[in-house]
Each structure stands twice: as C-alpha cells, then as structure tokens.
Amino acid sequence: MALLTNITKLVALILCLYAPVVSAEAKDPEVMPDRLRLGVVVGADENARERVEPFRLALEEIADLPVDLFLMETLGEAVEGLVNGRIDYVRLSPSAYAAAHRLCKCVEPLVTAGPDDFPARFYAILVSKRGGDSTSIEDLKGTRLAVGNKHAVAAYRVPIANLAADGIDARSHFQTLVEVQNPVEGLQALLDGRVQASLAWSSLAGEAKNGFTAGTLNDYYVSGSKGFNDLQIVWRSPPIPYSAHSISKDLPDALKRRLRAGLMDMRREAPGAYLAIEPDLPGGFEPVVHADYRPVLRTFEDEYSSLLEVEGRR
C-alpha cells in the first residue's frame, strides 16, 4: 500500500513538472517573418512609388515590420508574384483573386474597399424592359440577350456562370447572345428593341429611382438618356466585393489579424494612406473571407467555365 502511494505521488509530481512545459509550448507565439513584401500594381504610372509611400508606411506601423515595396505593371504579374511566393500582400481585383486561388489555393483575402458608406459589394444584373410579359427571367426564354465581350467580368463572365448555378444555361435559354461594346450600349439596344434583355452591373444601394449609387443603371440615369423608367431588373447575382486585398496563407494568423484590424481603421486613422492604395474606392475597408468571392470563383471552375466559350454570340 505504501509503495502504491509513493508511485501515485511520483506520477503526480511528474505531471506537475510536465504540465507547465506543455502549457508554455501551446502559448508560444507564432514565428513572425523578418519583413513584409508588398506588391502594388501600377501600370505605367511613373510616380507610383511616391504615390504609394503613405500606404507602405502605414502598413509598416500596422504590421510592426519593415515593408518592402514591389511595383508591378499588371494584375497578371501580381498574381504570379503572390502565387510563387515573391510577395506576401497585394491588392487584386475579384477576378484576379479568383485566378490566384485557382492556381494554388495558397492565398486568402483580408479586406475589400467600397465606393461609399454602403456595403462594399456590387452585383451583376440582368435587365429587361418594364411592361408586357417579360417580368421574370423565365419570361425571357427564346429572346435576344445583350452581353459584354468574353473578358467582361460583370457583363459576361459572372452572370453567365451564376445563371448556370441557378439552373439557367444562357446559351440555350436565350435565342442569341448579342455582343455590345459596353453595358450602357446594351441598355440602349434593349430600349431600341434590338434585344429583349441586357447584362449590366449595379451597387443596388441607395435609391432605385436614381439608378442606385453606382453601376450601369446609374450611368444611364446620369446621362439623361430617355427610357430609364422603362427598365427593370429581373435577375441579380450574389454580391461581389469590389477588391481583394490578398495575402499568402502562410503568414502567421496573428499577423493576419493585425493587418485586417489595422486596415479596417485606416480610412479614419490615416486617410491619406488609405487613398494612396484605394483612390477610386474611398468608402473604407470591410473584412472579407474566401466565400465572399464565390460568384467570381465559379468562372474558373470546370463546371461553369465551358459555358464562357464564345460560340453562339453575334
């Protein structure tokens, strides 16, 4: 009995000695990188380095790390740099983010920016003429649909893929897909009777009577062209973030949280730094996750990408 008691005490002592070690290991902080590599797509902007500098400095303060700046001419180069591990962070378009994820699944989004104080999302929409029998997409079966070119994200790729996800193959549902130069021309073709429906995009925020805050309907309303009140939306895609501030999945979670929190405060804390990276979307950052880009991700999936071929367009 005394032996059993001594063994029990010894086991208890070992557990007490071992427990703090396990606890300390569990609480060890993640290993932070020595620096953060920021990529920025600048095109032919010769003053880009100076323009982006306020954002780089703000990012250094947020990350508490040195930030190296890599200037890139195209989104394709930015995607390649992120996928290949040459940069850690870059602002991408929704479509470029989807392409990067398709290549390696090694990226994730932190935040998106918006044009105003409404939710930072937009929609691909399908518009018809008000009145008559065309009150739903089913009523438009066998008619002519105006679409953008094969590279148009909101006026072709996203709606065609997401209509398919809703069970509607645009190529068989509509008699003909008629290519137009831009979505506003599509609305004009609709009102002229050349087509019976047209693809476009909209923020769907604000007042419908003004064409909402941004998008094709708003552009048409602002132009003062006739027939605006004869237009109606008969289908919309799921919401799509305007941009994708994307990072490597390999970065420590603690750093990701720090970056997201700092970016969300940036418009208020450092408006100059915010506008240096998002001059066209002054509404501030909102958090996003991978699933928010589902409407665009579909355009790269085999199930839907075959529908984006150009046969059957005029």
Which heavy atom of Ser202 sits nearest a heavy atom of Phe212, and at what distance? OG-CD1, 3.5 Å
Determine the minimum heavy-atom distance between Leu36 and Leu255, stating which atoms define it. CD1-CD2, 4.4 Å
What class does the angle between the rings of Tyr242 and Phe122 fall in, given that below 30° is parallel, 30 to 60° is tilted and above 60° is perpendicular? tilted
Is a side-chain donor or acceptor of Arg267 paired with a backbone partner of Gly283 at a separation under 3.5 angstrom? yes
Those residues that, when tested against Pro282, pass side-chain contact (heavy atoms from CB on, under 4.5 Å) (two or more places apart): Leu275
Could you report the tightest heavy-atom contact between Lys209 and Phe228, atom names first, then the distance? O-CE2, 3.3 Å
Has Glu61 got more than 12 heavy atoms of other residues, nucleotides or ligands less than 6.0 Å from its CD? no
Looking only at heavy atoms, what is the nearest atom pair of Ile247 and Leu82, with distance? C-CD1, 4.1 Å
Among the clusters formed by ILVMFWY side chains lying less than 4.5 Å apart, do Val42 and Leu92 turn up in the same one? no
Inspect the surroundings of CZ in Arg258 and state if more than 12 heavy atoms from other residues, nucleotides or ligands are less than 6.0 Å away. yes
Report yes or no: do Asp139 and Ser136 form a side-chain donor-acceptor pair below 3.5 Å? yes
Rounded to the nearest 0.5 Å, what's the gap from CD on Glu269 to CG on Leu263? Could you check? 12.5 Å
Supply the atom-to-atom distance Met266 CE to Phe55 CZ, rounded to the nearest 0.5 angstrom. 5.0 Å
How long is the gap from OG on Ser305 to CD1 on Ile160, to the nearest 0.5 Å? 13.0 Å
Does the distance from a Lys or Arg side-chain N to an Asp or Glu carboxylate O, for Asp302 and Arg102, drop under 4.0 Å? yes
Nearest heavy-atom pair of Leu126 and Ala197: which atoms, and what distance? CD2-CB, 3.8 Å
Can you tell which of Asp230, Leu145, Val195 makes a side chain to side chain contact (heavy atoms under 4.5 Å, CB included) with Leu190? Val195
Is the closest basic N to carboxylate O distance between Glu60 and Arg56 below 4.0 Å? yes
Just do the side chain to side chain contact (heavy atoms under 4.5 Å, CB included) check on Val40 and Val90 with the steps written out, would you? CA-CA 6 Å; Val40 176; Val90 67; over 6 Å; no
Look up atom CZ in Phe70 and atom CZ in Arg37, then write down how far apart they are to the nearest 0.5 Å. 6.5 Å
If Ile, Leu, Val, Met, Phe, Trp and Tyr residues are connected whenever their side-chain heavy atoms lie under 4.5 Å apart, and connections chain through other members, are Leu163 and Tyr293 in the same group? no
Out of curiosity, does Tyr89 fall in the hydrophobic cluster containing Met32 (side-chain heavy atoms, cut-off under 4.5 Å, transitive links)? yes
Answer with yes or no whether the hydrophobic clustering places Val296 together with Trp201; edges join I, L, V, M, F, W, Y residues whose side-chain heavy atoms lie under 4.5 Å apart. yes
Quick one: sort the His101 and His290 rings into parallel, tilted or perpendicular, breaks at 30° and 60°. tilted
Arg157 side-chain N/O to Ala152 backbone N/O, donor-acceptor pair under 3.5 Å: no
Judged by atom type as modelled, is there a donor-acceptor pair below 3.5 Å linking the side chain of Ser203 to the main-chain atoms of Ala214? yes
If you measure from the Lys or Arg side-chain nitrogens to the Asp or Glu carboxylate oxygens, is any gap between Glu77 and Arg86 under 4.0 Å? no
Show your working on side chain to side chain contact (heavy atoms under 4.5 Å, CB included) between Ile240 and Tyr123 and close with a plain yes or no. CA-CA 6 Å; Ile240 306 164; Tyr123 300 77; over 6 Å; no
Tell me yes or no: between the side chains of Thr143 and Gln175, is some donor less than 3.5 Å from an acceptor? no
Which word best sums up how the rings of Tyr274 and Phe285 line up, parallel for under 30°, tilted for 30 to 60°, or perpendicular for over 60°? perpendicular
Counting only heavy atoms not in Glu73 (residues, nucleotides, ligands), do more than 12 fall under 6.0 Å from its CD? no
Going by distance alone, is a donor N or O of one side chain under 3.5 Å from an acceptor N or O of the other, for Asn162 and Arg298? yes
Would the distance check show the side chain of Ser237 and the main-chain N or O of Ala124 forming a donor-acceptor pair, the cut-off being under 3.5 Å? yes
Basic-acidic side-chain contact under 4.0 Å: Glu278, Arg91: yes
To the nearest 0.5 Å, tell me how far His151 NE2 sits from Ser95 OG. 11.0 Å
Indicate whether the side chain of Thr112 and that of Glu286 have a donor and an acceptor atom separated by less than 3.5 Å. no
Nearest heavy atoms of Gly186 and Ala146, plus distance in Å: CA-CB, 4.1 Å
Rounded to the nearest 0.5 Å, the OH atom of Tyr156 sits from the CG atom of Leu199 at a distance of 9.5 Å
Hey, is Lys256 close enough to Asp250 for a salt bridge, meaning N to O under 4.0 Å? no
Judged by modelled atom types alone, do Ser223 and Ser225 share a side-chain donor-acceptor pair under 3.5 Å? yes
Under 3.5 Å donor-acceptor, Ser246 side chain and Tyr97 backbone: no
Looking at Val289, is its backbone amide N or carbonyl O close enough to the side chain of Asp292 to form a donor-acceptor pair, meaning the two atoms are under 3.5 Å apart? yes
Determine, stepwise, if the pair Leu187 / Val127 fulfils side chain to side chain contact (heavy atoms under 4.5 Å, CB included). CA-CA 8 Å; Leu187 295 186; Val127 182; 4.1 Å; yes
Consider only side-chain heavy atoms of I, L, V, M, F, W and Y, link residues closer than 4.5 Å, and tell whether Val41 and Leu281 are in one cluster. no
